[in-house]
Amino acid sequence: MDFLVLILFITVFIIVLLFLGEKILISSILRPKKTENQLFPSVKEKFPGEERFTVNSASDIPISFRYIPLNDEGNKPQKIVILFHEYNSSSESMDNYIPMFRERGFSVIVPDARFCGKSGGEYLGLSYLDAEDSSAIFKWINDCFGYGIPIGLFGESFGAAQAIILACSGRYDNISFVVSDSSYSDLYSLIKERVRADYRIKPFPLLFVARLIIKKKYGIDMKKVSPKKLLKTCGAIPMFFIHGDSDTFVLPQMSIDLYNAKETGYKKFYLAENASHCEAFNSDPQTYRNKLFEFFDKIKI
């Protein structure tokens, strides 16, 4: 009888873990409440020549993006930068950065990640699936303008991790640089810390169960989403790592770890004083611009 009770207890415990993992933790990670700028996106063009396009990813997710040419004459761009937004946000959140890149001679592409803004999808890609979705944007560039245009990648937070993953995939030899603002170095480590801070519970065993479900059901193995480990495969690409020293969502140490993990190729690091998560530009726009342009001068782009 005691053995049967023990088996029943273990069974109920596993069922409760699966329920909590799926309905609470996984939903909050992959299907969070949409932000206001996603629910009410701007319908107006904000920059000269701006247009919005939609392409289908390899997994048939509609990916919407804004294209802002350097001029409105329809000429082939000399260089392009793609701006990837932070977790559960939209292309609208990247508007402050666009004038800097246009000043530097870039045409700009700003996508809405899956589940965000005007893109489709039923759940977030946690940088990993978003990097795969970006292949459709590269194809659009090649179809419209031909192959070989230098393409830079800039991202905030999860978008920064997406930029690193994409650059280190080895699929594109025309990626000219990566600017990573507030990226995580390892997804599982970040989620584990957020579970402690946000839910005030120990990550094990709930996160262990959530990881297994996310891997099997959504195709994302959180333990393998590690920009830090990937940096060894893309040493030739210049990278600029930025982080606010007051960031409590993604700790600054994660960008320090990324910087240290890049052992070859040019790299630069900027720790912004008194800046919280993804707020380095807003806290000191002039210094941010100067640091960014110094990076561009160094890599001659």
Side-chain angles (χ1 to χ4, degrees), residues 13-35 38-39 54-65 84-91 111-139 155-169 171 183-199 201-230 249-250 254:
F13 181 69
I14 291 173
I15 291 173
V16 170
L17 278 180
L18 290 173
F19 176 82
L20 292 175
E22 176 68 37
K23 299 300 181 182
I24 300 177
L25 187 57
I26 293 177
S27 290
S28 68
I29 293 172
L30 290 175
R31 294 183 293 272
K33 184 178 179 181
K34 288 183 177 288
T35 59
Q38 292 186 63
L39 295 172
T54 300
V55 292
N56 283 344
S57 70
S59 53
D60 209 29
I61 301 293
I63 302 298
S64 177
F65 64 92
F84 299 120
H85 63 73
E86 63 177 313
Y87 178 84
N88 194 34
S89 186
S90 72
S91 65
D112 290 323
R114 62 164 61 197
F115 189 74
C116 297
K118 294 187 177 182
S119 289
E122 297 179 358
Y123 51 89
L124 295 172
L126 301 183
S127 308
Y128 175 75
L129 296 181
D130 300 313
E132 292 185 356
D133 293 340
S134 300
S135 297
I137 296 175
F138 274 75
K139 183 179 184 302
E156 279 189 338
S157 189
F158 277 63
Q162 174 185 350
I164 295 171
I165 294 168
L166 185 60
C168 295
S169 68
R171 288 179 288 183
S183 176
Y184 62 80
S185 57
D186 179 86
L187 178 60
Y188 194 75
S189 297
L190 173 64
I191 298 298
K192 186 164 61 174
E193 182 58 35
R194 296 318 314 159
V195 168
R196 287 195 188 100
D198 298 340
Y199 294 92
I201 59 174
K202 292 182 179 180
F204 186 85
L206 188 58
L207 184 56
F208 175 80
V209 173
R211 179 212 167 194
L212 296 180
I213 296 173
I214 289 174
K215 179 181 178 181
K216 183 173 181 59
K217 190 172 181 179
Y218 301 98
I220 305 171
D221 187 344
M222 293 192 293
K223 277 204 169 181
K224 291 186 177 180
V225 183
S226 177
K228 180 174 66 175
K229 292 179 181 177
L230 291 175
F249 183 79
V250 178
M254 285 200 156

Kindly give the heavy-atom pair with the smallest separation between [X] and [Y], and that separation in Å.
X	Y	result
Leu124	Ile29	CD1-O, 3.6 Å
Leu190	Val250	CD1-CG2, 4.0 Å
Tyr123	Arg114	O-CD, 3.4 Å
Gly117	Ser90	CA-CB, 4.0 Å
Ser59	Asp133	OG-OD1, 3.9 Å
Pro32	Phe115	O-CE2, 3.6 Å

Residues forming a side chain to side chain donor-acceptor pair (under 3.5 Å) with [X], sequence neighbours excluded:
X	value
Ser189	Asp186
Thr54	none
Lys139	Asp143
Ser185	none

Would you say that [X] contacts [Y] through its side chain, given a criterion of any heavy-atom pair below 4.5 Å between the two side chains?
X	Y	value
Met222	Leu207	yes
Ser127	Leu187	no
Phe158	Leu126	yes

key: side-chain contact (heavy atoms from CB on, under 4.5 Å) assessment of Tyr218 paired with Leu129   = CA-CA 10 Å; Tyr218 301 98; Leu129 296 181; 5.6 Å; no
Inter-residue atom distance [X].[atom1] - [Y].[atom2], 0.5 Å rounding:
X	Y	atom1	atom2	result
Phe84	Ser183	CZ	OG	12.5 Å
Lys224	Lys229	NZ	NZ	9.5 Å
Lys228	Cys168	NZ	SG	14.0 Å

Whether [X] side chain and [Y] backbone form a donor-acceptor pair below 3.5 Å:
X	Y	value
Ser119	Asp112	yes
Tyr184	Pro227	no
Asp130	Gly159	no

request  = Indicate whether any N or O donor in one side chain lies under 3.5 Å from an N or O acceptor in the other, for Ser135 and Arg171.
outcome  =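 Yes, a side-chain donor-acceptor pair sits under 3.5 Å.
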request  = Please indicate whether Tyr128 has more than 12 foreign heavy atoms, meaning atoms of other residues, nucleotides or ligands, lying under 6.0 Å from its OH.
outcome  =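 No.
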ask   = Got a sec, which residues hit ring pair (Phe, Tyr, Trp, His ring centres under 6.0 Å) with Phe249, two or more places apart in sequence or on another chain?
value =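 Checked Phe249 against ring pair (Phe, Tyr, Trp, His ring centres under 6.0 Å); matches are His277.
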task = Please name all residues satisfying salt bridge (charged side-chain N to carboxylate O under 4.0 Å, His left out) with Glu132, sequence neighbours left out, ordered by chain then number.
result =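 Glu132 satisfies salt bridge (charged side-chain N to carboxylate O under 4.0 Å, His left out) with no residue once adjacent residues are dropped.
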